[in-house]
Amino acid sequence: MSQGWPQWRGFVLGVTCSSILLVLARVTFAPSLGTSSPYEFPDTVPLPHWQFQGSSALSLPTRLNNDGTPVPWFGQQYRYQQPQTTLTIDMYYLPTSLGNMQNDLQGTSPLFAENTSPPWMKARQGTTGFYGLFHTPDQAYLTACINPRGASTVTADQFVHNRNTHDLQIQRWFPVLIGLEDLRDWRCLWAQLSISLKGTTAVQADQLLETAWQDWYLWWQGRFPKP
């Protein structure tokens, strides 16, 4: 047993080193898989305690790579109703994300206009992970990035931490080696929930948003788009 181990150890080390070299070669030379993944949002998403009113595709501004080629991304708006309250949820699927709300959602609304500072936001951590709350004079908002692996995030640092923690697991090496997945999965589902502040307080609106977010996140977590 002890005499045969050096031979097996050499074999194991050789396989391990070869696997690492293949992964590095693929990351260095192969194109990113995520940049061309199409996605069609479902027309209807159930949300407990809310009556579904309808959904429609979002008109999105053109995003460009550094070389000027367009970057695909996709959006859908969902609308729900409770007595006296309307909830709007905008969903954005980015095959390649920075994990930063201001950069990822730039141009989707005046809130994220080019060359403006991000709206003042309270970052919170709950059972889903991190999310952000902010207000305008008329609306209360909750926003977060649903990650392909790991909890939700709202900043670039949190997003990158998820990539480093969950994407580099050894069980992911095989699908990476055979070309099914990228080593790092930079995809993001940005969710932006909003409620009018007319007839309610910011505190009450935040509570409604946080409760709706828990159910919304649980539904999408298990249905993240395929790479």
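Just so it is clear, the values below take in all heavy atoms, side chains as well, and ignore hydrogens, waters and symmetry mates.
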**Q.** For Leu47, the option from Tyr80, Tyr78, Phe52, Trp219 that meets side chain to side chain contact (heavy atoms under 4.5 Å, CB included)
**A.**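 Of Tyr80, Tyr78, Phe52, Trp219, side chain to side chain contact (heavy atoms under 4.5 Å, CB included) with Leu47 is met by Tyr80 alone.
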
Q) Please walk me through it: do Asp67 and Thr69 pass side chain to side chain donor-acceptor pair (under 3.5 Å)? A) CA-CA 6 Å; Asp67 61 2; Thr69 57; 2.7 Å; yes

Q. Between Gly129 and Ala151, which heavy-atom pair has the shortest distance, and what is it?
A.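 Gly129 and Ala151 have their closest heavy atoms at CA-CB, 3.6 Å.
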
Q | Crowding at NZ, Lys122 (>12 non-hydrogen neighbours, <6.0 Å) | A |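 Atom NZ in Lys122 is crowded, with more than 12 foreign heavy atoms closer than 6.0 Å.
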
Q) Under a 4.5 Å cut-off applied to non-hydrogen side-chain atoms, are Arg79 and Ser56 in contact? A)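 They are in contact (side-chain heavy atoms under 4.5 Å apart), so the answer is yes.
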
Q: List the steps, then state whether side-chain contact (heavy atoms from CB on, under 4.5 Å) holds for Trp190 with Ser97.
A: CA-CA 10 Å; Trp190 274 109; Ser97 171; 4.2 Å; yes

Q. Distance from Arg124 atom CZ to Tyr131 atom OH, nearest 0.5 Å?
A. 5.5 Å

Q. Is any side-chain heavy atom of Leu142 less than 4.5 Å from a side-chain heavy atom of Ile195?
A. no

Q. Would you call the rings of Tyr39 and Phe41 parallel, tilted or perpendicular, where under 30° means parallel and over 60° means perpendicular?
A. perpendicular

Q | Rounded distance (nearest 0.5 Å) linking atom CG of Leu133 with atom CD of Glu210 | A |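 Here the rounded value is 5.0 Å.
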
Q: Taking the side chain as every heavy atom from C-beta outward, state whether Leu111 and Tyr141 have any pair of such atoms under 4.5 Å apart.
A: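 They are in contact (side-chain heavy atoms under 4.5 Å apart), so the answer is yes.
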
Q | Distance (rounded to the nearest 0.5 Å) between Gln53 CD and Thr86 OG1 | A | 7.0 Å

Q. Can you check whether Thr155's main-chain N or O pairs, donor with acceptor, with Thr153's side chain at less than 3.5 Å?
A.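 No: the side chain of Thr153 does not pair with the backbone of Thr155.
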
Q: Heavy atoms only: give me the nearest Asp206-Ala140 pair and the separation to one decimal.
A: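 Closest pair (atom of Asp206, atom of Ala140, distance): OD1-CB, 4.1 Å.
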
Q: Could you tell me whether the side chain of Tyr93 reaches within less than 4.5 Å of the side chain of Pro72, counting heavy atoms only?
A: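 Answer no - side chains too far apart.
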
**Q.** Any donor-acceptor pair under 3.5 Å from Gln221 side chain to Tyr217 backbone
**A.**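 Looks like no, no N/O pair under 3.5 Å.
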
Q) Just wondering, do Ser196 and Gln139 contact through their side chains at under 4.5 Å, heavy atoms? A) yes

Q: Provide the closest heavy-atom pair for Leu197 versus Ala202 in the form atom of the first, atom of the second, distance.
A: CD2-CA, 3.8 Å

Q. Does any N or O in the side chain of Thr143 come within less than 3.5 Å of the main-chain N or O of Gly132, such that one atom is a donor and the other an acceptor?
A. no

(Q) Contact between Leu94 and Trp186 at the side-chain level, heavy atoms closer than 4.5 Å - yes or no? (A)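 No, side chains not in contact.
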
Q: State the CG-SG distance between Leu105 and Cys188, to the nearest 0.5 angstrom.
A: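 Taking CG in Leu105 and SG in Cys188, the distance rounds to 8.0 Å.
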
Q: Drop me the distance from Trp216's CH2 to Leu209's CG, to the nearest 0.5 angstrom.
A: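 Interatomic distance, Trp216 CH2 to Leu209 CG, rounded to 0.5 Å: 13.0 Å.
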
Q: Return yes if some donor-acceptor pair links the side-chain N/O of Arg187 with the main-chain N/O of Phe224 below 3.5 Å, else return no.
A: no

Q: Taking the side chain as every heavy atom from C-beta outward, state whether Asp90 and Thr108 have any pair of such atoms under 4.5 Å apart.
A: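 No, their side chains stay 4.5 Å or more apart.
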
**Q.** Criterion side chain to side chain contact (heavy atoms under 4.5 Å, CB included) against Met91, the qualifying member of Leu58, Val45, Leu189
**A.**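 With Met91 as partner, Leu58, Val45, Leu189 yield a single side chain to side chain contact (heavy atoms under 4.5 Å, CB included), made by Leu189.
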
Q) Under 3.5 Å, side chain of Asn147 to main-chain N/O of Cys145, donor-acceptor pair present? A)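 Yes, because the side chain of Asn147 sits within donor-acceptor range (under 3.5 Å) of the backbone of Cys145.
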
Q) Would Leu193 end up clustered with Trp220 when hydrophobic side chains under 4.5 Å apart are linked, directly or stepwise? A) yes

Q | Spacing of CG belonging to Asp157 relative to CG belonging to Asn162, to within rounding of 0.5 Å | A | 11.5 Å

Q: Find out if a path of hydrophobic residues (ILVMFWY) with successive side-chain heavy-atom gaps under 4.5 Å connects Ile146 to Leu98.
A: no

**Q.** Residue pair Thr165, Arg149: steps toward the side-chain contact (heavy atoms from CB on, under 4.5 Å) verdict
**A.** CA-CA 9 Å; Thr165 303; Arg149 296 171 193 85; over 6 Å; no

**Q.** Validation row: Asp104, Tyr92 side chains within 4.5 angstrom (heavy atoms)
**A.** no

Q: Give the minimum heavy-atom separation between Ser55 and Gln76, together with the two atoms involved.
A: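 Taking every non-hydrogen atom into account, OG-NE2, 3.3 Å.
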
